[in-house]
Each structure stands twice: as C-alpha cells, then as structure tokens.
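Read through the structure below, which is laid out as structure tokens, and then see the notes.
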Amino acid sequence: MSIRILVRDRIKEQRLVEVEPLVPVLSRSRSVLACAKAYEQLDPETAEDSLEAGRLRRKIDNLIRGDRIVVGQRRNRDCDVKRLDPISQEVWEVRERNSPSIRMFFRFAEKDCFVITNIRSVADLFSKIWDLKNLIGEVWPEWRAEIRLCKARWRALFITFNPHTGVSLHDYVSNSVDGGNI
Amino acid sequence: MTTSQTRLMAAISEDTIADFWRGYFQEGFRSEVHSRLLELFEEASRQGITKATIAKRIKKRPELITRMLSSPSNLECDTISDIALALGCIPKLNLERIEDSIRDLKPNDVHPMTSFCVSVGSKVQVSSKISVQPSNARPSAKAKFVFDTEECVNA
C-alpha cells in the first residue's frame, strides 16, 4: 500500500487537510498537508485575524508554489526550514523568525510533500521555565516534546509508514539552497 | 472565480482590510523581494562576489547580509536599494491590479500527491478561532492548538 492511499483516506476522514493556495498559482510543485488542528490556524475562516496568521499562511502558500527556500543545518538559524536534532527522527520545522516567532513542525511524506503536525509560537515553547539539568545535548526540552508529538501524530495518521528520508537536501525538497552556502 | 478568490475579493473590498489578508500580502511582497535578491546573489557568487564584498560596498556587517538573504523579512526600501546596487542592479517596482493578479490560473506543475488526492477535496469545517498569539513568557491559556498525545493516538 502506498502512503498516498493513506493520505487520501485521512483527508476523507477529515483528519488531514491538503492546503490549497488562497490565490491562484501557476505551479503547485509541492504539496502541504496539515493535521486538522494545525489547519485551523492556517484557514482564514478559523485562524485569528492577525498579521502573523496571514503571513504564516502565505509562507505555506509560497512553499506550495515551489518558491526557492533556504534549508538550514544543525545550528543554522537563518533559514526557512530546518531538520531538528536528532536528525534520525526526521522531524523538521518551518521557521518564521519575524516577531512573533512561530514554528511549524512537520515530516516529509514524499519529496516535496510536507505533513504539518503542529504549530507553536516560540514564546509558548519557552513559556515554561526549565531546569537546566534537563538540557540534554543542547536540545531544549520543549523541542524534544514537539519531536515526540510530531512522531505520535504521524503514527496515528500513517501507522507503520516511516517518513520520507534522503541523503542530501535535494532528496527532500526541490528548488532549495543550503543555508550554509549563503 | 473560485470560492477562495471570491472570499479574497470580498475581504479586500471591506472598509477595513482584515489583518489576516494584510499579513498575507505583506509576506507575499517580502518573499518576492527576498527571492529576487537571493537569485541575484547566487549569480554574483558564481562570479566570485562574496557577502563580505557586498557588505563592504554598502557599509553593513556580513552577518546582516546573511540574515537578509536567508529568509524573507521586512527590509526597508533603502536596504533593498543598497543590496540591489551592490549586486549591480537598480530596483524597480511593479504594482498589479488585484483582479489581474488573481485571475484564474491552471497550475502547469502539480505535485503527484496533489494529483492523487484532488478528487477528495474535503476540508475540515470548524467554527472556533484559534490564536497563535504568544504568551508573555507565561504558560499560555490559549494553547488550544497543543493537544495531547492521547488524543492523537485515539484519533
């Protein structure tokens, strides 16, 4: 069975939504799917009426359109998208750095196919005061929690299917540039 | 005209344009500027021009140039002009009528997943509004969008 069949079934069950650009585009070379809860923050009908929500949605629509994106590695902070540590977990984030900073956590179902599992503001991620003893391997506890949540939601959607993996950046996403090369 | 286009035209025809749409188009413009500057920078890189060279030409720090080129941001007109000039270009602006911009377009390049799922078309119908506003370094009372693992597993 292909993961596409599961995706189609989850869409029918309304547990996944395929995000469609709000303005017509000439290209939809990438596909973005969102868990129902995450989609509520992207749909103009249900999202908060704020500049940040609109910007977030446009960021996704540009992703779908196939716009050039900057992919960061490890500690690179200046990028659009980055894979979280440990990289073996294959959990990524779309980074919105402008205030308020927001992170959209996702995994790849296929090359250029994003499955967003959660959206959090960075302020909320850091809202809890963590004992520094919990800081293992310089991975903030909240990010570890988000990785676990992403994996849990993925499992609930796709059961035994593993996320898409690759060797190089271009195995994951087309029309991209390595943040380290900028 | 599709439903979303109708909704868009209605939204931007209001006496006050909703913040969502303002943010949406602001980001669109930022992305366009960023995309063009990045493209120019990559062309310049192939000719041996570095960020340090660009930074020196416009009296900015190299790390600022990195940040500006790494993702879309709210650059000032003066900064856009400076970077463009350093890359050998003069910025020009093109304003397009909304009706022309959102005319019906059929994508000529569709991801296979989209093609496979296109017949489904189901969307989640929800009525509650969810906030993405940050808390002020306090546990957020608006964390409705963070639901626990149990709900996920049982979904």
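Below, chain A is the first sequence line, B the second, and so on; all start at residue 1.
In terms of heavy-atom pairs under 4.5 angstrom with chain B, the leader among A/Gly54, A/Ser2, A/Cys113 is A/Gly54. The most heavy-atom pairs under 4.5 Å with chain B, out of A/Ile69, A/Leu51, A/Asp67, come from A/Leu51.
Note that CZ of A/Arg8 and CE of B/Met113 are 11.5 Å apart. Values are rounded to the nearest 0.5 Å. Summarising the geometry, atom OG belonging to A/Ser174 is positioned 8.0 Å from atom NE2 belonging to B/His111; distances are rounded to the nearest 0.5 Å.
Under the 4.5 Å side-chain criterion, counting only non-hydrogen atoms from C-beta, A/Asp80 is in contact with B/Pro72. For the pair B/Glu27 and A/Glu96, the minimum side-chain heavy-atom distance is below 4.5 Å. No side-chain heavy atom of B/Leu8 sits under 4.5 Å from any side-chain heavy atom of A/Leu22.
Note on residues 40-49 of chain B: pairs passing salt bridge (charged side-chain N to carboxylate O under 4.0 Å, His left out), not counting sequence neighbours, are A/Arg68-B/Glu42.
Crowding of B/Glu99 atom CD: a count of heavy atoms from other residues, nucleotides or ligands under 6.0 Å exceeding 12. Few gaps surround CD on B/Glu63; more than 12 heavy atoms of other groups in view lie less than 6.0 Å from it.
B/Tyr24 carries A/Arg58 over the face of its six-membered ring, with the cationic atom under 6.0 Å from the centre and within 45° of the normal.
Listed by chain and residue number, B/Phe41 satisfy the side-chain contact (heavy atoms from CB on, under 4.5 Å) test with B/Ser45 (two or more places apart in sequence, or in another chain).
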For residues 157-169 of chain A, tabulate all N or O donor-acceptor pairs below 3.5 Å that involve a side-chain atom, not counting sequence neighbours.
from, atom 1, to, atom 2, distance (Å)
A/His164, NE2, A/Asp171, O, 2.8
A/Ser168, OG, A/His170, N, 3.4

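The contact list for residues 11-20 of chain B toward chain A, using heavy atoms and a distance under 4.5 Å, reads B/Ala18, B/Asp19, B/Phe20 by residue number.
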Would you check, one step at a time, whether the test side chain to side chain contact (heavy atoms under 4.5 Å, CB included) holds for A/Val70 with B/Leu69? CA-CA 9 Å; A/Val70 177; B/Leu69 292 175; over 6 Å; no
